[in-house]
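Encoded as C-alpha cells, the structure appears first; notes follow it.
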Amino acid sequence: MPSVHSLDMMLRIEDMGVTYPGNVLALRPTTVEFHKGEFTVLLGLSGAGKSTLLRSLNHLVQPTTGTVISAEFGTLKTSRTVRRHRCRTAMVFQHHQLIERHTALQNVLTGRLAYHSTWRSLFPLPRAELEYALRCLERVGLGEKALSRVDQLSGGQQQRVGIARALAQQPSMILADEPVASLDPATSERVLTLLRDICREDGITAVISLHQLEYARRFADRIIGLANARIVFDAEPAKLEQHHLDEIYHSASVAVSDPGKTAAQTSHPQPSNHPTKQLEIAQ
Amino acid sequence: MTHTTTEPAALSPAPSASVLDEHARGWRSKLWQAGLVLAVVFFASWYVDLLDFRTLANGVPAIATLLRESLPPDFTNVMDWMSPLLDTLAMSIAGTAIAVSASVPLAFLAARNTTPHPAVFYLTRTLLNGLRSVPELIMGIIFVAAVGFGALPGVLALGLHSIGMVGKFFAEAIEHVDEAPVEAADASGATRLQVLWHAVLPQVLPQFADVSIYRWEYNFRASTVMGMVGAGGIGFELMGSLRIMQYQEVSAILIVILLMVTMVDSLSGHLRKTFK
C-alpha cells in the first residue's frame with residue numbers, strides 16, 4: 001500500500017498517464033484522490049481527457065504509466081483485483097450500453113453477475129436476486145417497466161435502467177461517463193438529480209464526467225477541470241472562476257500551438273460554437 | 001470551401017466537357033467489362049458442349065420417352081413411403097441438432113472478438129472450412145462404411161457437414177455483436193465466460209435461431225439424397241425404384257418429396273419470422 005492518503009480515501013491514482021496507440025497522449029501523468037461520499041464532476045471538452053481518466057479508474061482503459069489504488073482492494077494489479085474492484089465500482093454510460101432486446105429486469109440482473117460464480121450464473125439466478133433487481137428498478141421509478149424490452153423505452157428511461165443496473169451492483173462507487181450527453185435538458189436534470197440523490201442516500205462516491213458547466217456547478221461537491229490531457233482545476237464549484245473556465249473551454253485553440261500531440265486536437269474535434277455557448281450560461 | 005465568389009454561377013464550358021468525357025469513358029469501360037464476362041461465359045459453355053445443339057437435340061426424344069414412362073405417377077405403394085419419409089424428417093432434425101450444438105462452442109472460438117487466441121481462431125476456421133468442403137454425400141459414404149446402412153450414417157454426415165456452414169455463420173453473428181453491452185458487463189466485474197453467456201449470447205440468439213432453422217430446411221432437402229448412398233430415408237426408396245426402372249413410382253416419390261419440402265419450407269419460414 002502506498003504512502004500518504006487521508007482517512008476517507010476511496011480511490012487514488014498515482015502518476016497515472018494514458019497514451020493511446022499511435023502515440024496519442026490522452027492523459028498526462030496525474031495524481032488525484034477521490035473521497036468517500038463525494039460527488040465529483042470531471043469537466044472539460046470532448047477529448048480533454050475526462051473519459052480517459054474516468055475509464056481508467058476501473059481499468060476499462062489500461063493506464064500506460066502509474067497505478068490505480070483502491071481503499072478496499074489495494075493496487076489494481078491482477079485481473080482478480082480488477083474484477084473485484086469493478087464489482088464494487090459500478091459504471092453508467094453515455095449510451096446506456098444495455099442489451100436492447102432484453103427486458104429492463106434482465107438488464108438490471110447483469111449487474112448481479114459478479115456476485116455469482118461463473119457456473120452458478122449459467123442458470124437462472126435465485127428469486128432473492130430478482131427481487132433485489134426489481135427494487136433497484138423501483139428506486140429509479142421504473143418498477144412498472146420491469147418487463148418491457150429496453151428498445152421500447154425512451155432515452156431517459158433507458159438511462160434510468162442503466163442507473164438501476166449500476167445500483168444492482170451494490171456499489172461503493174459509481175463512475176458515470178457523460179450520462180446525460182444524449183438526453184434533452186429536462187430529462188438530463190431528472191437523471192442527474194436521481195443519480196445525486198441516490199449517491200447521497202447510500203453514501204456512494206461518484207465520479208461523473210460532464211461537459212455542461214451549468215450542471216457541474218449545480219450538482220458537484222467538487223469539480224475537476226481538464227484541458228489538454230491534464231487537470232487544470234480541482235476544487236469546490238464556488239472556487240471556479242472565469243480564468244479557470246477560459247483554460248478549460250479554450251483549450252482547443254491553445255492545443256493547436258502545443259507541440260505535444262494531444263487527443264484534443266486529434267480524435268475529437270469540437271464544434272467551435274460549443275464552448276462559447278457554455279460560457280454564456282456561466283456569465 | 002472557404003473560397004466564395006459574389007457571382008452565383010460562373011459556369012465555364014471546359015470543365016463540363018471534361019465531366020462528360022469522363023462519363024463516356026466510364027460507359028465504355030463498363031461495356032468492355034460486360035463483353036469480357038460474356039466471352040468467359042461463352043467459352044465455358046462451348047467447353048462443356050452446351051453449344052453442341054445436335055447432341056442436345058438427340059437427347060430430347062430420350063427425355064420425352066422417360067417422361068412418358070413416368071406418367072401417370074403410381075401411388076399404389078404410398079403407405080410404404082411414410083416410414084422412410086419420417087426417417088428423413090428425423091434425420092434432418094437430428095443432424096441439425098448435432099450441427100447446432102457443436103457450432104455454438106466452435107463459433108465462440110472462431111469469432112475474432114471472442115476467440116481466446118489467434119491460433120485457436122485460425123485452427124477452428126480451418127476446421128470449419130474443411131467440414132464445409134467435404135460434400136455430405138461423401139461423408140455419407142464414409143459413415144455408411146463405418147456404421148452400416150440406415151438413418152444413423154445419414155444423421156452423422158448431415159450433422160458434421162452442417163457444422164462447417166452453421167459454425168461459420170454463428171461466428172459471423174458473434175463478430176457483429178454490439179460491443180457496448182459487452183463492455184458494460186466487463187465493467188461490472190463479470191468473468192469472461194459470464195460476459196459471453198449474458199452479454200454476447202442474448203444478442204446473437206435470434207440470428208442463431210434463424211441460421212439453425214434455415215439449415216434444418218436445407219438438411220431436409222439434403223437428406224432426401226442421402227438415401228442414395230444407403231444412408232436411409234426416402235432417398236433409399238427413390239434409388240430402389242430407379243434401379244428397377246419403375247419410373248411411374250419414381251415420379252410419385254418425387255411428388256411426395258416436393259410436397260414435404262414445400263411444407264418444411266413454409267414451416268421454417270414461419271418459425272424464422274417468429275424469431276425475428
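This one's a predicted model, so the numbers in the text were calculated from it and none came from an experiment. Every heavy atom of this structure was used, including side-chain atoms; hydrogens, water molecules and symmetry mates were not. Residue numbering restarts at 1 for every chain, and letters A, B, ... go by the order of the sequence lines.
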> Contact part of A:His102 toward chain B, heavy-atom cut-off under 4.5 Å: side chain, backbone, both or neither?
Replying inline: side chain

> A:Thr89 versus chain B, heavy atoms under 4.5 Å apart: side chain, backbone, both or neither?
Replying inline: backbone

> Side chain, backbone, both or neither: which part of A:Arg165 has a heavy atom under 4.5 Å from chain B?
Replying inline: side chain

> Where on A:Leu60 is there a heavy atom nearer than 4.5 Å to chain B: the side chain, the backbone, both, or neither?
Replying inline: side chain

> Does B:Phe169 CZ have over 12 foreign heavy atoms under 6.0 Å away?
Replying inline: no

>> Can you give me the closest heavy-atom contact between B:Pro202 and A:Ile99, atom names plus distance?
In response: CG-CD1, 4.3 Å

> Side chain, backbone, both or neither: which part of A:Arg55 has a non-hydrogen atom closer than 4.5 Å to chain B?
Replying inline: side chain

>> Taking CZ in B:Arg221 as the centre, count heavy atoms belonging to other residues, nucleotides or ligands within less than 6.0 Å. Is the count above 12?
In response: yes

> So which heavy atom on A:Ala114 is nearest to which on B:Ala190, and how close?
Replying inline: CB-N, 4.3 Å

> Would you find a donor on one side and an acceptor on the other, under 3.5 Å apart, between the side chain of A:Gln97 and the backbone of B:Pro181?
Replying inline: no

>> At a heavy-atom distance under 4.5 Å, which candidate from B:Asp178, B:Asp186, B:Val182 has the highest pair count against chain A?
In response: B:Asp186

> So, do B:Gln203 and A:Arg101 sit near enough that their side-chain heavy atoms are less than 4.5 Å apart?
Replying inline: no

> How far does NE2 of B:His198 sit from CD of A:Gln106, to the nearest 0.5 angstrom?
Replying inline: 10.5 Å

>> Less than 4.5 Å to any heavy atom of chain B: does that hold for the side chain of A:Leu122, its backbone, both, or neither?
In response: both

> Without hydrogens or angle criteria, can the side chains of A:Ser121 and B:Gln194 be said to hold a donor-acceptor pair below 3.5 Å?
Replying inline: yes

>> Nearest 0.5 Å, please: how far is CZ in A:Arg86 from OG in B:Ser188?
In response: 9.0 Å

> Do the side chain of A:Arg83 and the main chain of B:Thr191 share a donor and acceptor less than 3.5 angstrom apart?
Replying inline: no

>> Is B:Ala185 close to chain A through its backbone or its side chain, or both, or neither, when contacts mean heavy atoms under 4.5 Å?
In response: neither

